[in-house]
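Since the structure comes first, as C-alpha cells, the remarks are kept for the end.
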Amino acid sequence: MENMEKRQLLEDIEKLLSFDGNDTEINPNYLKYFTIDELISIKKELEKKYANMVEDNLEWMQQFKKQ
C-alpha cells in the first residue's frame, strides 16, 4: 500500500515538473530514499510554485489587455 502511494506521489511530481511540455521522468528506484511525508511536501511545494507562476503570468499578460 505504501509503495502504491509513493508511486502515485512520484507520478504527480513528474506531472508538475513537466508543466512546460517536456516530460520529466524520475527513476522509481529513488522512492526507497523518500518517506511519504517527504514526497507530499515536495508535491505541495511544486504546486505552490506552479500556482505562483500561473498568477505571475496572468498579471504580466494583463498589461497587454485593451482598456
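All values derive from a computational prediction rather than experimental measurement.
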Identify, with sequence neighbours excluded, every residue that meets side chain to side chain contact (heavy atoms under 4.5 Å, CB included) alongside [X].
X: Ser41; result: none
X: Asn27; result: Asn29, Tyr30
X: Leu9; result: Glu5, Ile36, Leu39, Ile40, Lys43

Quiz item: Side chain of Glu45, backbone of Ile42: donor and acceptor closer than 3.5 Å?
Solution: no
Quiz item: Distance-only, no hydrogens or angles: does the Thr24 side chain make a donor-acceptor pair with backbone N or O of Glu14 under 3.5 Å?
Solution: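 Side chain of Thr24 to backbone of Glu14: no pair is present.
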Quiz item: Can you name the closest pair of heavy atoms from Leu10 and Pro28 and give their distance?
Solution: CD2-CA, 3.9 Å
Quiz item: For Gln8, what residues pass the side chain to side chain donor-acceptor pair (under 3.5 Å) criterion, not counting sequence neighbours?
Solution: Asp12
Exercise. Applying side chain to side chain donor-acceptor pair (under 3.5 Å), name anything that partners Asp23, two or more places apart in sequence or on another chain.
Key: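 Asp23 satisfies side chain to side chain donor-acceptor pair (under 3.5 Å) with no residue once adjacent residues are dropped.
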Quiz item: Hey, what do you get for NZ (Lys15) to CD (Glu11), rounding to the nearest 0.5 Å?
Solution: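 If we round to the nearest 0.5 Å, Lys15:NZ and Glu11:CD are 6.0 Å apart.
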Self-check item: Approximate separation, where rounding is to 0.5 Å, of Leu16 CG and Lys48 NZ
Solution: 14.0 Å
Quiz prompt | Non-hydrogen side-chain atoms of Leu17 and Ile26 separated by less than 4.5 Å | solution =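 Touching, per the 4.5 Å side-chain cut-off.
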Quiz item: Is there side-chain contact between Lys44 and Glu47, with heavy atoms separated by less than 4.5 Å?
Solution: yes
Quiz item: What residues, two or more places apart in sequence or in another chain, satisfy salt bridge (Lys or Arg N to Asp or Glu O under 4.0 Å) together with Glu2?
Solution: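 Salt bridge (Lys or Arg N to Asp or Glu O under 4.0 Å) list for Glu2, sorted by chain: Lys6.
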